Amino acid sequence: MKKIFNFLFTIILLIFSFYYANIVKNFLKNKDPLMQEIKSNQDKYYKEPINAIITNKTIIPGISGTKLNINASYQKLKKIKKFDNSSLIIDKVKPSISLTNNIDKYIINGNLKKKNISIIISTNNLEIVKYYKNTNISFIINKYFLLDNLNYLNSITNNIIIYQGNLIKNKRINYCYETNINNLNICSYYNLYTIIPNIITHDYYYNVYNTLENGKIFMFYLNSNLDEFNILLKSISNLNYNLVSIDKLIEE
């Protein structure tokens, strides 16, 4: 019995020693001028996240906030033995209402506070894909075009989108699209986001200009005659909008 008591006493003593040592360590760390300077800067690096906007079946992405990682910054600065703003570690703070946990919702817009837009070309013309390869323009294609040109599509960086009614399991597909908000979001079962774009079929410049605003997603059917479309791209740039990929547009 005495041996058991001594063993338990030793264990308790060890636990208390570790606990006490940790208290002393934290006390000394918080008294360190370097730690105090880090803490004095934490408000400067805090940015409140903005929640996504959900309306029925649709969603508009939010924006992540930021906060200073005090302990990680302290460990890093302790190694260089001085305070350096550029060496501080800033963590991203996800919105509490986010795309991440609402994959079943249809994305109808990018964030309204960023002057970004995305353009999607619906085409099954390989020459058009080649013309705009490795740009921020995305492509809507059908599953047959995807399979016939898979090697080439794997070699370019553009986002590839497919109509969710024609979805096939292929890692080259980045997103789905839909035109009817009342349809079941099939792609969410495959962990893919689904977009409902603004479809422009004619008078490109006029129809885009009248609806142009932050976060817009425009879709064009394009299999020939790029002149009007290229004029539109130049005009959008002149209006100081950033043409970005879908990846970038919906990034939180």
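Note that the structure is predicted; figures quoted are calculated from it, not measured.
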Using the rule that two of Ile, Leu, Val, Met, Phe, Trp, Tyr join whenever any of their side-chain heavy atoms come within less than 4.5 Å, decide whether [X] and [Y] are in one cluster.
X: I173; Y: Y175; value: no
X: I195; Y: V208; value: no
X: I250; Y: I60; value: no
X: I162; Y: I140; value: no
X: I119; Y: I199; value: no

Output, in order, the C-alpha distance, side-chain angles, deciding distance and verdict of side-chain contact (heavy atoms from CB on, under 4.5 Å) for I246 and I217. CA-CA 8 Å; I246 298 293; I217 306 170; 4.1 Å; yes

Assess the residue pair I120 and I137 against the criterion (side-chain contact (heavy atoms from CB on, under 4.5 Å)); give the C-alpha distance rounded to whole Å, side-chain angles, the decisive distance to 0.1 Å, and a yes or no. CA-CA 6 Å; I120 305 169; I137 291 174; over 6 Å; no

Can N136 and N159 be said to form a side-chain contact (heavy atoms from CB on, under 4.5 Å), step by step? CA-CA 8 Å; N136 287 327; N159 286 146; over 6 Å; no

Checking side-chain contact (heavy atoms from CB on, under 4.5 Å) against I59, which of I53, I103, N102 comes through? N102

Once rounded to the nearest 0.5 Å, what's the spacing between atom [atom1] of [X] and atom [atom2] of [Y]?
X: I117; Y: Y241; atom1: CD1; atom2: OH; result: 8.0 Å
X: Y204; Y: L233; atom1: OH; atom2: CG; result: 10.5 Å
X: L232; Y: S237; atom1: CG; atom2: OG; result: 11.0 Å
X: S73; Y: L68; atom1: OG; atom2: CG; result: 4.5 Å

Check this for me: [X], atom [atom1], are more than 12 non-hydrogen atoms of other residues, nucleotides or ligands nearer than 6.0 Å?
X: K248; atom1: NZ; result: no
X: N56; atom1: CG; result: no
X: K114; atom1: NZ; result: yes

Quick one: which residue pairs count as a side chain to side chain donor-acceptor pair (under 3.5 Å) with a foot in residues 89-99, not counting sequence neighbours? N51-S96, N69-D91, S98-T100, S98-E252

Which residue pairs pass the side chain to side chain donor-acceptor pair (under 3.5 Å) test with at least one member in residues 188-197, sequence neighbours excluded? N185-T194

Qualifying residues under side-chain contact (heavy atoms from CB on, under 4.5 Å), relative to N154, sequence neighbours excluded: L150, R172

Suppose we screen for side-chain contact (heavy atoms from CB on, under 4.5 Å). Which residues come up paired with N183, at least two apart in sequence or across chains? Y106, Y163, Q164, E178, N180

Does NZ or CZ of K67 lie under 6.0 Å from the centre of the six-membered ring of Y46, at an angle within 45° of the ring axis? no

Answer yes or no for K130 and Y152: cation-pi contact, defined as NZ/CZ to six-membered ring centre under 6.0 Å and angle to ring axis within 45°. yes

Evaluate N242 against N116 for side chain to side chain donor-acceptor pair (under 3.5 Å), listing each step before the verdict. CA-CA 5 Å; N242 304 308; N116 295 335; 3.1 Å; yes

Can you check whether [X] reaches [Y] side chain to side chain, under 4.5 Å on heavy atoms?
X: K78; Y: L34; value: yes
X: Q42; Y: K39; value: yes
X: L226; Y: E127; value: no
X: N214; Y: N109; value: no

Y205 and Y209 aromatic ring geometry - parallel, tilted or perpendicular at 30°/60° bounds: parallel

Cut-off 3.5 Å, side chains only: do N125 and T123 have a donor facing an acceptor? no

Would you please say whether a donor-acceptor pair under 3.5 Å links the side chains of N85 and Y45? yes

Y144: which other cluster members, linking ILVMFWY side chains closer than 4.5 Å, directly or transitively? none

Could you pull out all residues at least two apart from Y132 that satisfy ring pair (Phe, Tyr, Trp, His ring centres under 6.0 Å)? F229

Residues N158, S245; criterion side-chain contact (heavy atoms from CB on, under 4.5 Å); working and verdict: CA-CA 8 Å; N158 308 67; S245 66; over 6 Å; no

